[in-house]
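Below you'll find the structure, written out as structure tokens, and then a few comments.
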Amino acid sequence: MSNPQQLRYSKEHEWLSGAEDGVSTVGITEHAANALGDVVYVQLPEVGDTVTAGETCGELESTKSVSDLYSPVTGEIAEVNQDVVDDPALVNTAPFEGGWLFKVRVAEEPKDLLSADEYTEFSGS
């Protein structure tokens, strides 16, 4: 398993893309998707909601368990991935591509996000 170098990672196993026009994309890592098992339901924040770094903003339900989704940054939700809501398995099959979860207009980014190498060491993946 390879964590894309251009992304940053949280210790809650979310990834964050670099910002384009102040908007970053958020998803969960392949490590987290594998640990969850087959994702069958995704609850995401709504467009316009404000999320806070480190706080719960949604939920992922799998055949194994239910897991909270945490925002890696503080900001306003700009877009949600309706494809993932309609087909939650995308989280497992394409966590870094079509399985992204939401886009957020970043107001504040925490200083403790990890590089790909740091996340690999942290997660053991």
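Counting from 1, the numbers follow the sequence of the chain as shown.
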key: Step-by-step side chain to side chain contact (heavy atoms under 4.5 Å, CB included) determination, Tyr9 to His31   = CA-CA 11 Å; Tyr9 301 85; His31 173 81; over 6 Å; no
hydrophobic_cluster_shared for [Y] and [X], side chain cutoff 4.5 Å:
X      : Y      : answer
Phe122 : Phe96  : yes
Leu16  : Leu69  : yes
Phe102 : Leu90  : yes
Leu60  : Trp100 : no

- prompt: Distance-only, no hydrogens or angles: does the Trp15 side chain make a donor-acceptor pair with backbone N or O of Ile28 under 3.5 Å?
  reply: yes
Indicate the atoms forming the closest heavy-atom contact of [X] with [Y], along with that distance.
X     : Y      : answer
Pro4  : Ala116 : O-CB, 3.5 Å
Ala32 : His13  : CB-CB, 3.6 Å
Val84 : Gly98  : CG2-O, 3.7 Å
Val42 : Pro88  : CG2-CB, 3.8 Å
Ala53 : Pro72  : CB-O, 3.8 Å
Cys57 : Pro45  : O-CD, 3.2 Å

Residue pairs meeting salt bridge (Lys or Arg N to Asp or Glu O under 4.0 Å), one or both in residues 108-125, sequence neighbours left out, come to Arg8-Glu109
Verdict with supporting geometry, Val85 and Leu44, side chain to side chain contact (heavy atoms under 4.5 Å, CB included): CA-CA 8 Å; Val85 173; Leu44 299 174; 3.9 Å; yes
Within 6.0 Å of CD in Glu20, more than 12 heavy atoms from elsewhere
no
### Task
Determine which pairs satisfy side-chain hydrogen bond (donor to acceptor under 3.5 Å, both in side chains) with at least one residue from residues 70-98, sequence neighbours left out, and list them in order.
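Matches after skipping sequence neighbours: Gln82-Asp86.
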Note to self: Would you say that Glu46 contacts Ile77 through its side chain, given a criterion of any heavy-atom pair below 4.5 Å between the two side chains?
What the structure shows: no
- Query: Would you say the side chain of Leu101 lies within less than 4.5 Å of the side chain of Val80, judging by non-hydrogen atoms?
  - Reply: no
Verdict with supporting geometry, Asp38 and Ser62, side chain to side chain donor-acceptor pair (under 3.5 Å):
CA-CA 5 Å; Asp38 295 333; Ser62 73; over 6 Å; no
Between Tyr119 and Thr29, do the side chains contain a donor N or O and an acceptor N or O under 3.5 Å apart? yes
Rounded to the nearest 0.5 angstrom, the OG-CG distance for Ser123 and Asn3 is 6.0 Å
dist Lys103:NZ -> Ser17:OG (nearest 0.5 Å) comes out at 7.5 Å
Exercise for the section: Check Asp49, Val23, Val26 against Val104 for a side-chain contact (heavy atoms from CB on, under 4.5 Å) and give me the one that passes. Expected result: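 Single pass found, and it is Val26.
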Residue set satisfying side chain to side chain contact (heavy atoms under 4.5 Å, CB included) with Glu55, at least two apart, ordered chain then number -> Thr52
